[in-house]
Colleague: 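The structure follows.
Both counts, for ligands and for their atoms, begin at 1 and track the order of listing.
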Amino acid sequence: MCGIFGCILKEGQAAPIIHAALKRLEYRGYDSVGEATLDEGKLYVKKDAGKIDEVHMRRNLDDLPGRIGIGHTRWATHGAPFQVNAHPHFDCSDPPKIAVVHNGIIENFAELRRELEDAGHVFRSKTDTEVIPHLIEEYLNSKQFATKGNVDSEFINATIAAIGRLQGSYALAVVSTSDPDMILCARNESPLVLGIADNAWYFASDIPAFLPLTNKIIFVENGELVVLRENLLEIRKVADGSLVSRETKLVDWPPEMVEKQGYPHFMLKEIHEQPRCLRNTLRLQEKYLELLPTFLDRAREVIMVACGTSYHACLAASYMFSKLSFLATHPVIASEFTEQHGKSVSIDSTILAVSQSGETADTLAAVETARQRAATILGLTNVVGSTLTRISRVYVGQQSGPEIGVAATKTFTSQLSVLSQLAIRLAKKRGKVSQEEIDLLEEKIEEIPDIVENIVETQEEKVRTLARKYKGKQCFFFLGRGISYATALEGRLKLMEVAYVPSIAFPAGESKHGPISLITQGFPVIFVCPPDETRRTVIGNIMEMKARGASIIAICEKGDEDIIKLVDDYVEIKEGIPGVLSPIPYVVPLQLFAYYMAIERGCDPDMPRNLAKSVTVK
Ligand code: M6R
């Protein structure tokens with residue numbers, strides 16, 4: 001998965017604008033970067049391996065001429081992150097005439113490449129993308145394409161013909177010296193958005209790329225081609241060339257939301273934004289919060305599908321739904337869904353798909369399997385307009401604002417807040433829990449933003465000191481019982497992904513069935529121990545670990561002396577949060593710990609190696 005961006009300006013220079021926009025898309029991938037611009041009929045290109053800042057230092061990405069250009073920030077799928085594999089990719093000509101940037105995977109690229117090589121095309125890279133400019137070149141040279149829907153440009157027709165041959169996912173953009181005033185973009189299964197301004201057209205993989213430039217956007221749908229010229233924006237169907245009309249939408253994310261605002265990293269900024277994001281989740285549109293529980297109530301079976309952090313939110317939610325609403329749900333890792341549940345899903349199944357980006361390929365593939373079997377699809381996402389919102393029967397937008405750090409933080413706690421509200425509403429509908437309990441939960445959920453604020457204000461320094469103390473440890477255990485197992489899993493994922501510390505998370509009760517054999521003197525074990533019904537047994541587990549020499553860090557309630565006196569270190573959470581809501585505040589010290597461990601170990605928490613924000617390949 002990668003980020004693409006491009007623009008046609010009425011005046012000025014495109015390259016610096018593309019460079020700045022790619023920086024805002026860097027969370028989508030950052031192993032190489034490239035730009036191509038058109039000026040006076042000529043194509044100008046710069047591309048290289050490395051993060052955008054490194055490449056800019058070496059090659060100055062701002063000095064390409066021209067008002068028209070395309071750019072790409074890459075996360076390698078086919079072909080190692082070398083300069084030759086960086087986008088844009090070209091046709092055979094030297095110098096090149098056609099340049100393409102692409103996000104997605106062309107599944108039939110091997111066959112297409114063979115066919116094109118047999119026809120004499122010479123490839124420079126190992127990428128799947130490179131088949132696209134060669135295919136366009138082939139159609140242009142052979143003129144073997146049907147003119148579609150009164151399109152009078154050979155280049156557009158050749159591009160439509162080429163796109164018609166592609167299988168897989170793509171958001172792509174093409175420029176050519178044969179039609180040097182135009183950019184063509186197309187999408188299938190990878191996100192593509194247009195930005196509309198008085199003096200420019202833009203396209204990008206994601207909205208944050210536009211925020212300082214415009215707040216007027218148009219979502220491009222699967223199977224569509226966009227023709228951009230200085231005074232023209234046309235959307236056409238690839239299938240028959242027919243014109244599509246689509247209205248412009250306004251986004252209300254302030255541009256400063258994508259800047260760091262004085263924080264050294266987006267991850268830290270986003271951890272600090274959690275109180276505000278959690279408050280937003282308490283003001284979501286009533287109709288959506290009401291509709292989802294109605295569907296859940298009717299469902300014969302509910303399967304929650306998600307990946308990574310979003311899966312941990314689903315796991316926590318399965319405890320919430322069970323305890324509060326007496327609804328059994330199955331949280332399933334999306335990439336396992338088709339194999340595990342594909343055949344058993346039916347019209348009676350309800351799928352709740354949770355995805356911050358709404359574009360995660362594994363989650364969308366699971367939803368597609370379920371859709372084909374007529375299941376009801378419900379969605380929870382942070383990106384309204386994402387594919388997930390378009391394929392869900394009903395969705396809730398969690399309104400966390402853009403999350404730029406690769407590690408999900410604010411979107412996780414907001415997912416949990418929305419899911420707990422859904423569980424409480426369903427509990428009300430089902431009448432299984434007393435009104436008194438519901439009132440208490442509703443009161444407590446309102447307090448959570450303040451409690452999270454208090455953690456960030458009072459415990460951050462302490463967590464930072466812990467990171468200094470434990471930075472050299474080679475492995476950590478994260479243990480929790482009940483819903484805290486989900487918190488433990490998330491704490492472990494954060495530490496592994498940003499600080500590269502291999503770690504293990506287990507339900508605390510399971511630790512003695514094997515993992516305890518790892519414990520030696522000083523082995524660090526982090527216990528998540530809110531004061532719920534699991535506390536007593538967790539204390540037993542702490543003692544088992546302590547007896548074997550482990551160094552224990554507890555995330556516990558303020559003043560919980562039984563735990564505090566047992567452990568080596570602790571982080572306190574303000575009292576009064578019911579266990580079922582505890583993952584929201586209790587994960588925050590773990591996010592901070594991962595962040596400061598990354599800093600102490602010299603890692604960049606915003607751009608962990610090999611990762612990208614949104615995994616749009618299976
Ligand atoms: O956009 P999604 O919520 O679908 O993303 C799912 C995972 O890729 C994501 O949560 C990933 O695990 C994060 N890097 C976790 O910090």
Side-chain angles (χ1 to χ4, degrees), residues 1 3 26-30 75 189-191 205-208 265-268 270-271 274 277 304-317 331-337 351-368 379-389 391-392 395-398 400-416 418-419 486-487 489-500 503 505 587-588 590-595 597-598 603-618:
M1 112 227 44
E26 206 173 9
Y27 68 89
R28 300 180 65 86
Y30 36 78
W75 184 75
E189 290 181 17
S190 295
S205 299
D206 202 354
I207 299 165
H265 296 97
F266 282 112
M267 182 177 175
L268 189 62
E270 287 157 1
I271 292 173
Q274 291 181 109
C277 297
M304 293 186 278
V305 293
C307 303
T309 291
S310 296
Y311 168 74
H312 298 153
C314 291
L315 186 62
V332 176
I333 290 176
S335 55
E336 293 294 309
F337 175 83
I351 308 301
L352 174 55
V354 178
S355 170
Q356 181 282 128
S357 60
E359 299 292 351
T360 299
D362 286 328
T363 307
L364 296 179
V367 167
E368 192 47 38
L380 168 58
T381 182
N382 189 34
V383 184
V384 173
S386 62
T387 304
L388 182 59
T389 60
I391 58 181
S392 297
Y395 68 85
V396 183
Q398 62 186 73
S400 312
E403 188 174 64
I404 309 295
V406 165
T409 52
K410 63 176 184 173
T411 55
F412 177 63
T413 44
S414 294
Q415 284 168 344
L416 291 173
V418 175
L419 290 163
T487 317
L489 279 171
E490 178 58 10
R492 162 207 177 223
L493 175 63
K494 288 288 91 85
L495 185 65
M496 290 204 305
E497 72 178 327
V498 301
Y500 314 143
S503 298
V587 79
V588 176
L590 301 180
Q591 297 169 340
L592 286 167
F593 185 65
Y595 174 78
M597 283 288 283
C603 313
D604 178 349
D606 280 348
M607 287 182 217
R609 67 176 173 236
N610 304 333
L611 287 178
K613 181 71 186 159
S614 166
V615 185
T616 51
V617 291
K618 279 189 240 167

Colleague: What is the nearest protein non-hydrogen atom to atom 5 (O) of ligand 1, stated with its residue, atom name and distance?
Modeller: Thr360 OG1, 3.4 Å
Colleague: Kindly confirm or rule out an N or O of Thr363 lying under 3.5 angstrom from an N or O of ligand 1.
Modeller: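 No, Thr363 has no N/O under 3.5 Å of an N/O on ligand 1.
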Colleague: Looking at Ser310, which atoms of ligand 1 are within less than 4.0 Å of one of its heavy atoms?
Modeller: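 Here the atoms of ligand 1 in question are 2 (P), 3 (O), 10 (O).
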Colleague: Check this for me - ligand 1, Thr309, N or O atoms closer than 3.5 angstrom, yes or no?
Modeller: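 Indeed, backbone or side chain, Thr309 has an N or O that close.
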Colleague: Can you pull out the closest protein heavy atom to atom 14 (N) of ligand 1? Residue, atom name and distance to 0.1 Å, please.
Modeller: Glu497 OE1, 2.9 Å
Colleague: Please lay out, stage by stage, how Thr309 and Lys494 fare under the test side-chain contact (heavy atoms from CB on, under 4.5 Å).
Modeller: CA-CA 9 Å; Thr309 291; Lys494 288 288 91 85; 3.0 Å; yes
Colleague: Between Ala408 and ligand 1, does any nitrogen or oxygen pair lie at a separation below 3.5 Å?
Modeller: yes
Colleague: Under 4.0 Å from any heavy atom of Ala407, which atoms of ligand 1 are there?
Modeller: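 Matching atoms, with element in brackets: 16 (O).
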Colleague: Shortest non-hydrogen contact from Asp362 to Cys307?
Modeller: CB-SG, 3.7 Å
Colleague: Using only atom types and a distance under 3.5 Å, with no angle test, would you say the side chain of Gln398 pairs donor to acceptor with the backbone of Thr411?
Modeller: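 Answer holds: yes.
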Colleague: Can you list the atoms of ligand 1 that are under 4.0 Å from a heavy atom of Ser357?
Modeller: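 That gives atoms 1 (O), 2 (P), 4 (O) of ligand 1.
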Colleague: Could you pull out the closest heavy-atom pair between Glu270 and Pro402, with the gap in Å?
Modeller: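 Smallest interatomic distance, heavy atoms only, reads OE2-O, 4.0 Å.
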Colleague: Please lay out, stage by stage, how Leu495 and Phe593 fare under the test side-chain contact (heavy atoms from CB on, under 4.5 Å).
Modeller: CA-CA 7 Å; Leu495 185 65; Phe593 185 65; 4.2 Å; yes
Colleague: Would Thr409 and Tyr595 satisfy side-chain contact (heavy atoms from CB on, under 4.5 Å), going step by step from the backbone distance to the final call?
Modeller: CA-CA 10 Å; Thr409 52; Tyr595 174 78; over 6 Å; no
Colleague: Could you list which atoms of ligand 1 come closer than 4.0 Å to a heavy atom of Lys494?
Modeller: 15 (C), 16 (O)
Colleague: Does even one non-hydrogen atom of Val406 get within less than 4.0 Å of ligand 1?
Modeller: yes
Colleague: For Gln356, take its heavy atoms, then give the atoms of ligand 1 lying under 4.0 Å from any of them.
Modeller: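 Atoms satisfying the 4.0 Å criterion: 1 (O), 2 (P), 3 (O), 4 (O).
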